[in-house]
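Notes to accompany the following structure.
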Amino acid sequence: MKVAMDESTLLGHLQAERRQSIGFQDNGDIEESRERALEYIKGEMSDVPAKKNRSSVVSSDVADAVETVLPDLMEIFTGGEDIGSFKPENQEDEEAAQQETDYINDVVFDQNPGFSVLGSAIRDALEVKTGIIKFWWEDETHKEESFEGKTAFELEAAAESSEILDVEEVGATEDGVPLFNFTAKRIDTYGCEKIREVDPQNFGVSPDTVRLCETPYCIERSFPRAFQLLDQGYDREKVMRLPPSSGNLDDEQDAARDTVDENIDADTVYDDDRRRVEVHTHVIRIDLDGDGKSELWEIVTDCEEKQILDAKKVSRVGYAAGTPFQRAHRFYGFSLADKLIEVQKIKTSLMRMMLDNGYFALNQRHEVSEERASKNTINDLLRNEPGFPVRSRTGDAVRPIGNAGAPFDYVGALEYIATVGEQRSGVVRNAQGLNPDTLHDTKGGALALMSAAQRRIRMIARVLAETLLKDLFVGVHGDIREHDTRQQKIRLRNKWVDIDPTSWGSRADMTIEVGVGSGGRDMEIMGIQQIIELQARAIEAQQMGVIENPLVTEVEIYNASRRLVERLGMKAPEMFVRDPRQPPDPELPQKQEGPSPEQQAAMAEMQLKQQQAQADLQLDQQKAQAQVQAEREKSAAQVEAMREKAALEIQLAREKAAAEMELAREKMAAEHQIAREKMALEAQLSAYKAEHEVNMSDNRPGGRLDQ
């Protein structure tokens with residue numbers, strides 16, 4: 001490829017970018033924070049030195065938090081369910097997108113040590129701010145195979161597909177045909193995708209980097225052996241000019257990672273192909289061909305950018321990075337250690353004070369009177385053994401000095417600082433194990449604490465998934481689509497499928513779905529089981545005709561069953577449930593062929609006769625039932641008529657008796673009235689008669705006596 005920029009100018013640009021980069025060179029703040037975090041995780045706290053003859057205990061808050069969060073994150077990412085899937089472009093692209101997702105997962109986690117690489121990267125992110133993974137396409141794979149006693153014809157056949165090395169004639173056959181021993185170096189040109197973790201202390205980016213996939217410049221420092229570079233095809237003359245290097249063994253950050261004295265042989269330097277050398281891999285956007293458009297280049301140089309070992313144009317950065325706590329508009333965020341270093345420092349000081357106070361309480365200082373002490377008093381006092389006497393002259397030569405006691409509540413202070421650490425990091429004690437105080441909490445309160453911790457962990461997982469995992473999967477997909485031209489058959493989800501990367505579309509985005517980890521998975525499984533129970537009830541209601549429009553079909557049942565199998569951690573749910581929308585598997589036993597047309601006609605005629613006989617029988621039964629029903633209705637009508645007639649006669653008799661009684665009452669009343677009137681008339685007549693007689697006597701001759 002034609003390059004307009006000369007090598008010295010290019011090396012100058014690379015050297016300038018490297019010096020300005022942030023990550024491993026002349027960046028005191030980030031190097032200091034990484035070194036301190038790694039020391040705190042190991043339990044070494046040089047900034048909190050222990051006083052002589054005092055407690056040197058060290059709290060382990062940072063290490064505990066990392067070891068608590070890491071298993072949940074790894075289970076979320078590798079616990080049986082895909083963390084992300086490629087977005088289909090249309091309805092017809094759904095199956096292809098799912099197949100490509102499955103294949104990329106297979107490449108990352110099965111064809112490469114994906115679990116180990118991802119675990120190291122996430123641990124780096126939790127401890128030292130960033131986790132970094134490199135991915136690349138390895139074009140050639142060299143395999144050597146030795147052959148003995150082969151003819152010249154076989155030697156020529158091997159030379160067609162391999163490079164022949166170390167040919168040696170070892171004799172001949174009985175017919176005089178020469179025989180050879182040789183080594184064949186076969187080159188597989190199809191290549192394969194590779195991934196590996198990158199030590200963050202050997203990686204740097206330009207200061208204006210926010211997203212690594214869009215960075216204008218990044219650099220990786222590595223310390224391979226010289227023979228490794230030669231095996232990769234680098235020019236021997238250039239490799240031999242590289243100065244020896246002790247690698248990271250003299251680096252303070254690397255020393256902080258050291259747990260078994262790996263840097264003990266840091267001064268051992270070889271002068272042959274086994275020596276360590278330092279090389280820089282630069283990824284830079286630059287216009288090398290002079291067309292006015294910057295392009296992405298990967299350039300390998302020595303440690304001082306004085307010579308170029310390799311240069312090639314690339315389609316992508318080739319690195320994926322993530323941080324657990326993002327900082328807006330910045331590449332580097334915060335690690336979990338950054339949140340807890342201050343907490344660990346305070347708790348360490350409090351624990352030391354508490355233990356020192358306990359030591360002083362159990363081993364009090366004493367005042368010794370020189371006048372009353374004997375020559376044995378001091379020696380006896382220094383021999384601090386239970387039951388051993390202290391001898392003196394008068395018995396009161398030794399007097400204990402009173403302890404002032406605890407200056408404040410250590411336990412309360414430790415509890416408060418522990419709460420501060422939980423608020424900063426989101427890692428609560430309930431997530432690390434059973435907190436004794438939880439036994440006294442309500443079920444809702446304990447679940448609320450666990451739920452809050454899970455939300456923080458899911459947030460960390462989502463951030464890492466959207467950065468580290470997403471860039472890795474999209475980049476691996478792009479490499480395979482660009483370089484892999486093989487058509488192969490591979491087993492995915494317990495099924496053999498054909499893979500042809502040349503037919504793949506460009507995938508620039510993924511759908512990220514973060515699970516809930518081990519704590520919430522059981523709750524999700526219980527929820528899915530309840531959904532399946534509701535589906536079963538809905539199907540029963542549909543069969544009984546209670547629900548006209550079906551709420552649940554076989555597709556919904558398959559979706560719920562598949563989801564349950566996935567949440568149980570099974571990688572291949574197709575082994576347990578089958579998609580009803582898929583065509584039947586030809587390998588499965590098929591149904592037997594049906595009867596012949598004549599047999600079908602006879603069976604149809606017989607079935608028709610059976611249906612006719614059944615219809616006649618049903619009609620006769622209906623007629624008999626109708627007749628019985630009519631007789632029942634007639635008898636019921638007669639009984640009702642007789643009941644109504646009797647009721648009417650009784651009513652008439654009652655009315656007649658009532659009328660007669662009323663008539664008798666009226667007659668008796670009339671007779672009483674006539675008798676009263678007659679008596680009144682007779683009395684009136686008697687009174688009138690008496691008055692008339694008096695009047696008649698007054699009218700007689702002689703008049704009245706008083707006259």
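Computed from heavy atoms alone, side chains included, the values below leave out hydrogens, waters and symmetry copies. On a predicted model such as this, the values are computed, not experimentally measured, just so you know.
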Derivation of the side chain to side chain contact (heavy atoms under 4.5 Å, CB included) call for S335 and V128: CA-CA 6 Å; S335 67; V128 292; 6.0 Å; no
Test log, rule side chain to side chain contact (heavy atoms under 4.5 Å, CB included), inputs F227 and V239: CA-CA 9 Å; F227 69 83; V239 172; over 6 Å; no
Criterion side chain to side chain donor-acceptor pair (under 3.5 Å) on Q307 and R241, from CA distance to verdict: CA-CA 9 Å; Q307 64 172 334; R241 288 202 299 264; 2.9 Å; yes
CA sep, side-chain torsions, deciding dist, call: Q111, D106, side chain to side chain donor-acceptor pair (under 3.5 Å): CA-CA 6 Å; Q111 299 181 27; D106 183 80; 3.0 Å; yes
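The shortest distance between side-chain heavy atoms of T209 and C218 does not fall below 4.5 Å. When side chains are defined from C-beta on, H366 does not count as touching R399, because their heavy atoms never get closer than 4.5 Å. Looking only at side-chain heavy atoms (C-beta outward), L336 and P324 stay at 4.5 Å or farther from each other. Side-chain contact between T377 and R372: absent, with no pair of heavy atoms (C-beta onward) separated by less than 4.5 Å. The closest side-chain heavy-atom distance from V48 to S349 is below 4.5 Å. For the pair I195 and V108, the minimum side-chain heavy-atom distance is below 4.5 Å. F203 places a side-chain heavy atom less than 4.5 Å from the side chain of L212. Taking 4.5 Å as the limit, some side-chain heavy atom of L229 sits within range of a side-chain heavy atom of L242.
With rounding to the nearest 0.5 Å, the separation of CZ in R18 from OG1 in T301 is 8.0 Å. Considering CZ of R221 and CG of N202, their distance stands at 4.5 Å, rounded to 0.5 Å. Considering OG of S116 and CD of E197, their distance stands at 5.5 Å, rounded to 0.5 Å. Atom CD of Q344 sits about 5.0 Å away from atom OG1 of T348, to the nearest 0.5 Å. For the atom pair OG of S222 and NE2 of H280, the computed distance is 8.0 Å after rounding to the nearest 0.5 Å. Between E415 atom CD and K347 atom NZ the span is 8.5 Å, to the nearest 0.5 Å.
Of the residues listed (I22, D208, T130), the one engaging F331 in a side chain to side chain contact (heavy atoms under 4.5 Å, CB included) is T130, and it is the only one. Test T323, D124, D338 against K129 for side chain to side chain donor-acceptor pair (under 3.5 Å) and you get one pass: D338. With E305 as reference, Q15 is the one residue of Q15, R19, E17 to meet the side chain to side chain contact (heavy atoms under 4.5 Å, CB included) rule.
In summary, E466 and R462 engage in a salt bridge, as defined by a charged side-chain N under 4.0 Å from a carboxylate O. A salt bridge links D479 to R316: at least one charged side-chain nitrogen sits closer than 4.0 Å to a carboxylate oxygen. Salt bridge annotation for R393-E370: absent, with no cationic side-chain nitrogen under 4.0 angstrom from a carboxylate oxygen.
The two residues A37 and A337 come nearest to each other via the heavy atoms CB-CB, 3.7 Å. Residues H282 and Y217 share a closest heavy-atom pair of ND1-OH, 2.7 Å. Nearest heavy-atom pair, S33 versus I30, reported as atom, atom and distance to 0.1 Å: OG-O, 2.9 Å.
Annotation: E371, atom CD; neighbour count of heavy atoms from other residues, nucleotides and ligands within 6.0 Å does not exceed 12.
A donor-acceptor contact closer than 3.5 angstrom is absent between the side chains of S374 and N376.
Side-chain N or O atoms of R352 include one that pairs as donor or acceptor with a backbone N or O of V57 at under 3.5 Å. Formation of a donor-acceptor pair under 3.5 Å by the D380 side chain with backbone atoms of R391 is found in this model. When atom types are taken as modelled, the side chain of R285 and the backbone of T215 share a donor-acceptor pair closer than 3.5 angstrom. Counting only distance, with no hydrogens or angles, the side chain of R34 and the backbone of P200 share a donor-acceptor pair below 3.5 Å.
Contacts of F135 classified as ring-ring contact (aromatic ring centres under 6.0 Å, His included), with partners at least two apart in sequence or in another chain: none. The ring-ring contact (aromatic ring centres under 6.0 Å, His included) test applied to Y40 returns no partner, not counting sequence neighbours.
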